[in-house]
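Below is one structure, written out as structure tokens; comments come after it.
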Amino acid sequence: MIIVDGLPFSTDTSASPQGRDILAALMEHPALVSASNLFKAIPERRFSVPEESGPEKTPPSKWVYLFQREYATVDPALVDFVGTDEATTCVGVAIRNPGNGMTSVAHMDSPKIVDIGLSQMLSLLVDHKSDMELDVHLVGGFEDVSPNHGNCNTRSESQEKLAGYSFPLCAKIVDTLWNRQEKFHIRTLFILGHNTRRDLEGNAYPIFNGFMVGTSTRSITPASFDRTSRCPDEIVRRIRVSSSYEDSSWKGKLMETYDTQTDQFKIAPCCWTLRQLHISLSLQDYSDSEILLICSTSPSAEGPDFVENMRRQWEYLIEHPDWRETFPMKQPRIFGRTAERGWRRQKALIP
């Protein structure tokens with residue numbers, strides 16, 4: 001069930017509207033248009049972890065960062081904010097329980113993970129017997145025109161090319177929210193046309209690629225992160241995204257990353273194959289422009305470090321072709337928070 005501006009939302013199309021009809025009506029709702037304009041006017045926060053700290057410096061915030069296809073549910077008593085970026089045709093979804101402040105954020109990249117993914121996000125947010133209205137924010141996706149990209153599976157599986165990548169994903173998300181029994185109060189819908197700018201030649205780009213949610217303040221802010229704040233275990237987590245397409249244990253699911261109760265990152269294991277090693281070996285000699293065309297659903301809209309990040313993943317796979325070196329005994333990689341609020345690798349308990 002969807003609520004907008006305090007009232008149950010309905011469309012003028014039919015008693016059982018399709019996702020595209022629901023999405024079209026939501027995009028034109030005055031309250032959500034106004035919220036998008038307000039969000040667009042907020043300066044983007046660029047988040048970086050300072051290299052040095054001292055008594056005269058403000059301690060860094062306690063944050064949780066999410067990569068593509070990951071999700072995390074955080075407790076406001078343990079985490080100050082949770083966020084994601086690098087979303088072009090992907091969509092960031094934030095769901096917050098206003099009663100206790102528990103917040104779940106996901107970086108969704110395909111319609112195929114929406115059904116199970118939303119159930120994963122909601123599992124720790126609310127008692128299914130509760131009638132609580134949940135605050136929802138959607139940020140990401142833009143009016144993309146997508147040719148046949150994504151051959152190395154770094155963004156999403158092959159989808160309806162004529163509709164682009166963003167629209168089918170957005171339509172599936174709102175359709176699922178509409179049909180679930182929980183009450184979802186959509187506060188922010190900064191997607192598609194609301195999140196699109198165009199250059200003088202008419203080429204489309206997303207206005208914002210990321211956001212962060214303040215767990216105690218309820219604020220949502222446009223945000224970008226750098227390599228110091230996209231942590232912990234950046235490269236392994238990036239590799240899990242492409243590996244998950246060939247790992248049947250992750251079919252239709254968001255990737256488990258963070259333990260809510262212990263405030264630890266527990267990077268669940270994911271296996272990669274010799275095929276990915278061969279892909280890495282073949283792609284490393286391509287030019288930057290060729291890598292963008294092969295590996296991105298939106299080559300002209302990617303960040304300046306996209307190709308570098310791809311090359312770093314291939315280097316890791318070439319150096320560590322056997323996934324069991326990274327996940328011995330199929331155990332997760334565990335990271336605990338330090339006194340400086342960063343992250344440190346911990347030993348996993350081998351059963």
Side-chain angles (χ1 to χ4, degrees), residues 3-6 31-50 53 57-67 70-87 91-108 121-122 124-126 130 132-140 177 182-191 194-195 207-226 228-231 257-265 337-343:
I3 297 171
V4 178
D5 201 24
L32 294 177
V33 171
S34 176
S36 290
N37 290 334
L38 290 173
F39 186 79
K40 183 164 58 177
I42 301 173
E44 179 183 75
R45 177 176 175 182
R46 299 187 177 185
F47 192 81
S48 180
V49 178
S53 61
K57 293 183 178 290
T58 303
S61 301
K62 293 186 290 184
W63 80 100
V64 166
Y65 177 83
L66 298 167
F67 287 98
E70 293 183 339
Y71 84 102
T73 301
V74 302
D75 186 335
L78 301 174
V79 177
D80 297 319
F81 71 84
V82 54
T84 187
D85 71 344
E86 298 187 314
V91 176
V93 180
I95 307 176
R96 185 179 185 275
N97 185 328
N100 56 22
M102 295 287 287
T103 304
S104 190
V105 171
H107 186 131
M108 294 193 174
M121 295 176 70
L122 292 167
L124 294 178
L125 271 188
V126 65
S130 172
M132 174 75 68
E133 289 185 9
L134 301 171
D135 292 335
V136 176
H137 305 274
L138 304 180
V139 178
L177 295 176
E182 297 90 352
K183 295 180 178 179
F184 299 103
H185 198 148
I186 298 182
R187 304 288 187 176
T188 307
L189 193 72
F190 198 75
I191 58 175
H194 297 322
N195 188 35
I207 298 172
F208 296 126
N209 298 89
F211 66 92
M212 64 180 188
V213 178
T215 57
S216 297
T217 63
R218 299 184 298 175
S219 64
I220 178 168
T221 305
S224 63
F225 299 76
D226 64 12
T228 68
S229 52
R230 292 175 185 147
C231 60
T257 302
Y258 172 81
D259 187 284
T260 306
Q261 305 300 326
T262 63
D263 187 33
Q264 291 178 319
F265 269 88
R337 205 181 291 275
T338 67
E340 294 76 26
R341 302 187 179 186
W343 300 99

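Residues V213 and F211 approach most closely at CG2-CE1, 3.7 Å, considering heavy atoms.
Applying the salt bridge (Lys or Arg N to Asp or Glu O under 4.0 Å) test to R230 and every residue at least two apart in sequence or in another chain returns D85, E86, D305. Under the salt bridge (Lys or Arg N to Asp or Glu O under 4.0 Å) criterion, R45 pairs with no residue at all, not counting sequence neighbours. By the side-chain hydrogen bond (donor to acceptor under 3.5 Å, both in side chains) test, T260 is found to be paired with no residue, residues two or more places apart in sequence or in another chain being considered. In terms of the side-chain hydrogen bond (donor to acceptor under 3.5 Å, both in side chains) criterion, residue partners of H137 (sequence neighbours excluded) are, by chain and number, T188. Applying the salt bridge (Lys or Arg N to Asp or Glu O under 4.0 Å) criterion to D263, with sequence neighbours excluded, gives R337. Looking at residues two or more places apart in sequence or on another chain, you find a ring pair (Phe, Tyr, Trp, His ring centres under 6.0 Å) between F67 and Y65. Partners of F208 by ring pair (Phe, Tyr, Trp, His ring centres under 6.0 Å), not counting sequence neighbours, listed by chain and number: F39, F190. Remark: T262 pairs with D259, Q264 by the side-chain hydrogen bond (donor to acceptor under 3.5 Å, both in side chains) rule, at least two apart or across chains. The side-chain contact (heavy atoms from CB on, under 4.5 Å) search around A106 returns Y71, M108, M121, L254, not counting sequence neighbours. With sequence neighbours left out, the side-chain contact (heavy atoms from CB on, under 4.5 Å) criterion links S216 to P76. Residues satisfying the salt bridge (Lys or Arg N to Asp or Glu O under 4.0 Å) test with E70, not counting sequence neighbours, are R237, R240.
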Which atom pairs, one a donor and one an acceptor, fall under 3.5 Å between side chains of residues 95-105 and the rest of the protein, sequence neighbours left out?
from : atom 1 : to   : atom 2 : distance (Å)
R96  : NE     : T215 : O      : 3.4
R96  : NH2    : T215 : O      : 3.0
N97  : OD1    : G99  : N      : 2.8
N97  : ND2    : L125 : O      : 2.8
N100 : OD1    : M102 : N      : 2.9
T103 : OG1    : G101 : O      : 2.9
S104 : OG     : A72  : O      : 3.4
S104 : OG     : T73  : OG1    : 3.0

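A donor-acceptor pair under 3.5 Å links the side-chain atoms of S229 to the main chain of F47, judged by distance alone.
Using cut-offs of 30° and 60° for the angle between ring planes, the W343 and F265 rings count as perpendicular.
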